[in-house]
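To start, the structure itself, in structure tokens.
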Amino acid sequence: MYYTSTRDNNVKITSAQAIAQGISVDGGLFMPEEIPSITLDEISKLSEMKYNERAAYIFAKYLTDFTDEEIHYCTDNAYTDKKFSTDNIAEISHLFDGTYMLELWHGPTCAFKDMALQILPYLLTTSAKKINCDKKIVILVATSGDTGKAALEGFKDVPGTEIMVFYPEQGVSPMQKRQMTTQEGENVAVCAIKGNFDDAQNGVKAIFTNDEIKAVLDGKGMMFSSANSINWGRLAPQIIYYISAYATLVADEEIKLGDKINIVVPTGNFGNILAAYFAKQMGLPVGKLICASNKNKILTDFINTGVYDRNRDFYTTISPSMDILISSNLERLLYLLCGKNDAVIRDWFGKLATEGRYEVTDEVKALLKESFVGGCCDDEETKATIAEVYKKYSYTLDTHTAVAVKVYEDYKKATGDTTRTIIASTASPYKFSASVLEALEGKECTLDEFDMVDRLHELSQYEIPEALAELKNKEIRFAGSVEKTEMKDFVFKTLGV
């Protein structure tokens, strides 16, 4: 299987090249030339496997230039009970009749990004060896909170790599910030920017695609790569947990093999729900993909109208990982829906860059609505949902998963659709203690960050993740911030070039 670029169909490279490079030189995102299939018989076999075995089986369909030994090296080292607090890696909780919470936050940083970022270092270093790359790999990451810490934890002290993370100074939770600024490792650096996530993401993309900057690094024996979901090595692992969840529900006799499910995903950058779409296209029996947004409802508006317009107010919300107005992975979906027409993609995303707006064709609008439903809620509705679910089921949601639950409830009321449904639960509530406590107790919480964690433990009875508890006594290593125009200077200074 070869990979091409969403903006140039003449590109034809291996998966190892795509993972090592991260983003195409034309600014496009790498895509497999064909989406492989998975049969019901194969899903039945997966239901008898452990998570790492399921991952290896599915990766083999996409990473055809990897040997079986190389794939198992990656999956067996990434998905272990040494890194995840559960043998199942991704737990499924039964919230209420026919609704299942796919808990993707039992990894070392307590967020769903661990599901991909624990394996990406193995995929990336294996890919570099396969393409005979002897350069140091410099990984640049823009984060709205969770990706940054998960990437830092995944790549810390990995030989032959250097990682730098940029986050919006006022756009992450206190716990997310503390996780990043106390990060250990000799090859890591963290910097706040005076702007929002989109500014950080645009800055990283601009550095990636700048020929002069790349030439400077090349002369020093270095090359760029990405740990954001623009990297195929980040997106591919996310496909696995949707297929795995279905296989688990079959094994547990919650559904029959072949039954359709719906999937609800709280999303900002569109990678997590795009992975569910890939699973559906492979053959996983999926009905609707329900895209849940917060007050920054650009994806809801796009799904409903076919117009993508980032010329709007940006809101800082209590679900900060979704505070995004430029959803990078949408480009991959639109590439598929427009028949892999790279000229159309160049036109649309050129307009997004210059005018901040584009509108897709009527045909693409219709295809969008075949698979996707968009919905949104604001902070008050999010907090009300946290309180309601806690009261009814003694289950504590974080501020992102609560958005998904609220949007799903609205969808059921509007449609009467009672299809069994998986809701992607994307983070531990302890990462957003202040907002969760405010929702549960009905008042602003004035405790410090770690007293909040203790109070939330009293209410939720969830075990406090060790990785969060130990932050209290860790030294702050990275306290600086820069203007968004100074990101390149920070990169050069950090690398000593």
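Heads up: numbering here begins at 1 and tracks the sequence.
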- To the nearest 0.5 angstrom, please state how far the OH atom of Y308 sits from the CH2 atom of W348. 14.0 Å
- Can you check whether I386's main-chain N or O pairs, donor with acceptor, with T382's side chain at less than 3.5 Å? no
- How close do K194 and S481 get, heavy atom to heavy atom, and via which atoms? CE-OG, 3.5 Å
- Pairs touching residues 466-477 that satisfy side chain to side chain donor-acceptor pair (under 3.5 Å), sequence neighbours left out: none
- Message: Between S328 and K205, do the side chains contain a donor N or O and an acceptor N or O under 3.5 Å apart?
- Response: yes
- If you draw a 6.0 Å radius around NZ in K135, do more than 12 non-hydrogen atoms from other residues or ligands fall strictly inside? yes
- Message: Counting the benzene-type ring for Trp, do Y3 and F30 have ring centres under 6.0 Å apart?
- Response: no
- Query: Side-chain donor-acceptor pair under 3.5 Å between D323 and S144, yes or no?
  - Reply: no
- Residue pair C445 / L437: nearest heavy atoms and the distance that separates them: SG-CD1, 3.8 Å
- Query: Any luck finding a side-chain donor-acceptor pair between E153 and T109 under 3.5 Å?
  - Reply: no
- Presence of salt bridge, R312 and D301, under 4.0 angstrom: yes
- Between atom CG of N77 and atom CD of Q118, what is the distance when rounded to the nearest 0.5 Å? 10.5 Å
- Is a side-chain N or O of T161 found less than 3.5 angstrom from the main chain of V158, in a donor-acceptor match? yes
- In this structure, OG1 of T6 is separated from CZ of R332 (nearest 0.5 Å) by 7.5 Å
- Where is the tightest heavy-atom contact between G107 and D114, given as atom of each residue plus distance? C-OD2, 3.3 Å
- side chain to side chain contact (heavy atoms under 4.5 Å, CB included) partner of R455, the single match among V453, L459, D451: L459
- Message: Please confirm whether the ring centroid of F372 lies under 6.0 Å from the ring centroid of Y277.
- Response: yes
- Item | Interatomic spacing from CG in L352 to CZ in R310 - rounded to 0.5 Å | 5.5 Å
- Message: Filter on ring pair (Phe, Tyr, Trp, His ring centres under 6.0 Å), then keep only pairs touching residues 176-226, sequence neighbours left out; what's left?
- Response: F208-F224
- Message: My understanding is that only one of E91, Q238, M115 makes a side chain to side chain contact (heavy atoms under 4.5 Å, CB included) with L104; could you say which?
- Response: M115
- Between Y167 and K177, is there a cation-pi geometry (under 6.0 Å to ring centre, at most 45° from the normal)? no
- Query: Can the ring centroids of W232 and Y62 be said to lie less than 6.0 angstrom from one another?
  - Reply: yes
- Mark yes when over 12 heavy atoms from residues, nucleotides or ligands other than K484 sit less than 6.0 Å from its NZ; otherwise mark no. no
- Message: Under 6.0 Å between ring centres: does that hold for Y241 and F112?
- Response: no
- Assess whether side chain to side chain contact (heavy atoms under 4.5 Å, CB included) is satisfied between F478 and C191, documenting all intermediate values. CA-CA 7 Å; F478 305 103; C191 186; over 6 Å; no
- Message: Counting only heavy atoms from other residues, nucleotides and ligands, does the tally under 6.0 Å from NZ of K493 exceed 12?
- Response: no
- Query: How far apart are the C-alpha atoms of N231 and R234, what are their side-chain angles, what is the distance that settles it, and do they pass the side chain to side chain donor-acceptor pair (under 3.5 Å) test?
  - Reply: CA-CA 5 Å; N231 190 320; R234 254 291 305 280; over 6 Å; no
- Item | Heavy atoms of other groups near F314 CZ, more than 12 under 6.0 Å | yes
- Task: Answer yes or no: are there more than 12 heavy-atom neighbours, outside K220 itself, under 6.0 Å from its atom NZ?
- Result: no
- Using a strict 4.0 Å threshold on nitrogen-to-oxygen distance, state whether R346 and D342 make a salt bridge. yes
- State plainly whether the residues K129 and E70 are in salt-bridge range, i.e. N to O under 4.0 Å. no
- Item | CD/E463: more than 12 non-hydrogen atoms of other groups inside 6.0 Å | no
- Mind running side chain to side chain contact (heavy atoms under 4.5 Å, CB included) on Y335 and N9 for me, showing each step along the way? CA-CA 11 Å; Y335 176 74; N9 286 337; 2.5 Å; yes
- Item | Heavy-atom neighbours of K488 NZ exceed 12 at 6.0 Å | no
- Item | Over all atoms of both residues, closest heavy-atom pair of A151 and L117 | N-CD1, 3.5 Å
- Query: Checking side chain to side chain contact (heavy atoms under 4.5 Å, CB included) for the pair F302/L334: CA distance, chi angles, key distance, verdict?
  - Reply: CA-CA 12 Å; F302 175 68; L334 295 181; 3.9 Å; yes
- Geometric cation-pi criterion K351 and Y358, 6.0 Å radius, 45° cone: no
- Message: Regarding K149 and Q183, do their side chains bring together a donor and an acceptor under 3.5 Å, going by distance alone?
- Response: yes
- Message: Would you say CD of E444 has more than 12 non-hydrogen atoms from neighbouring residues, nucleotides or ligands within 6.0 angstrom?
- Response: no
- Evaluate the side chain to side chain contact (heavy atoms under 4.5 Å, CB included) criterion for residues I19 and L63: first the C-alpha distance (whole Å), next the side-chain angles of each, then the deciding distance (0.1 Å), finally the verdict. CA-CA 10 Å; I19 291 169; L63 313 180; 4.1 Å; yes
- Least distance between heavy atoms, F59 atom then I71 atom: CB-CG2, 4.0 Å
- Message: Could you check whether any side-chain N or O of N52 sits under 3.5 Å from a backbone N or O of Y79, counting only pairs where one atom can act as donor and the other as acceptor?
- Response: no
- Side-chain (T4) to main-chain (V11) donor-acceptor, under 3.5 angstrom: yes
- Would you check, one step at a time, whether the test side chain to side chain donor-acceptor pair (under 3.5 Å) holds for D65 with S15? CA-CA 7 Å; D65 51 321; S15 67; 2.4 Å; yes
- Item | Non-hydrogen atoms of A227 and V141 that approach each other most closely | CB-CG2, 3.7 Å
- Message: Tell me which one of T300, I303, V264 satisfies side chain to side chain contact (heavy atoms under 4.5 Å, CB included) with C291.
- Response: I303
- Message: Out of the candidates N228, T147, N272, only one should pair with K113 under the side-chain hydrogen bond (donor to acceptor under 3.5 Å, both in side chains) rule; please name it.
- Response: T147
- Message: Taking I318's backbone N and O only, do any of them form a donor-acceptor pair with T399's side chain (distance below 3.5 Å, no angle check)?
- Response: yes
- Donor-acceptor pair, H400 side chain versus S321 backbone, under 3.5 Å? yes
- Message: Nearest 0.5 angstrom please: I119 CD1 to L124 CG, how far?
- Response: 12.0 Å
- From I58 atom CD1 to I240 atom CD1, the distance as rounded to the nearest 0.5 Å: 5.5 Å
